[in-house]
Amino acid sequence: MKGLFITLEGIDGAGKSSHVEWLAEYFRNQGRCVVLTREPGGTPVGEQLREIVLHAPMATETEALIMFAARREHLDVVIRPGLARGDVVISDRFTDASFAYQCGGRGLSEDRLAILEAWVHGDLQPDLTLLFDVPNDVAQARLSAARAPDRFEQEKRDFHARVRAAYLRRAERYPHRIRVIDGSRTLDAVRAQLATILETL
Ligand code: TMP
């Protein structure tokens with residue numbers, strides 16, 4: 001069976017993590033092996049890089065390079081082997097997050113980021129990206145109730161508005177790959193929309 005690479009994206013507080021297990025179950029019920037993973041992270045080196053990039057102050061370029069260093073390792077150790085086995089690899093974030101956060105949020109040039117993308121995984125893109133979208137106010141209210149914020153979650157409102165706008169621009173640019181999910185609806189309504197999308201795979 002051909003491997004399937006699915007990524008989940010969205011601004012912090014968009015609710016994507018509430019659906020990860022449900023998605024995994026959906027594919028297991030079809031007899032598929034599922035690999036659940038995340039970025040930054042997903043490998044021992046990647047998880048160490050995650051700690052650094054989420055908490056230590058640094059230049060925007062450093063941040064982007066660390067995201068791609070962790071991604072390079074993730075591709076080698078988790079994503080490519082999983083796909084080669086024919087598994088469904090579900091990653092909570094991937095390169096769309098770098099375009100949204102480092103370019104949209106921080107202002108890094110997309111041309112620069114595209115060079116890193118081509119270098120690290122020019123031959124590989126997700127088969128499907130589920131973009132959980134919610135208005136920034138809804139996301140902010142969810143985050144305020146959650147754990148201690150990391151460096152990204154601490155950013156001001158206009159940063160998150162730029163990240164959201166960048167994600168939506170990518171969805172317009174790659175409509176066949178990126179499907180926008182209205183994350184402000186009930187869990188059941190979101191799952192019904194997810195099921196409809198997954199049936200088309
Ligand atoms: P998470 O909270 O969804 O696990 O993501 C960690 C944070 O890292 C989130 O605020 C988004 C950010 N991030 C980037 O800025 N660039 C990236 O390439 C990735 C993968 C995540």
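Both counts, for ligands and for their atoms, begin at 1 and track the order of listing.
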Stepwise side chain to side chain contact (heavy atoms under 4.5 Å, CB included) check, E117 with E110: CA-CA 10 Å; E117 178 188 32; E110 291 201 359; over 6 Å; no
Nearest-0.5 Å distance, OG1 of residue T60 to CG of residue L65: 11.0 Å
Ion pair check, R106 and E61, cut-off under 4.0 Å: no
Residues in the immediate environment of ligand 1 (any heavy atom closer than 4.0 angstrom): D12, K16, E39, P40, R50, L54, M67, R71, R93, A97, S98, Y101, Q102, R147, F152
OH-CG distance between Y101 and L113, expressed to the nearest 0.5 angstrom: 14.5 Å
Point-to-point distance, once rounded to the nearest 0.5 Å, from OG1 of T129 to CG of D96: 5.0 Å
Distance, nearest 0.5 Å, that separates CD1 of I90 from CD1 of I79: 12.5 Å
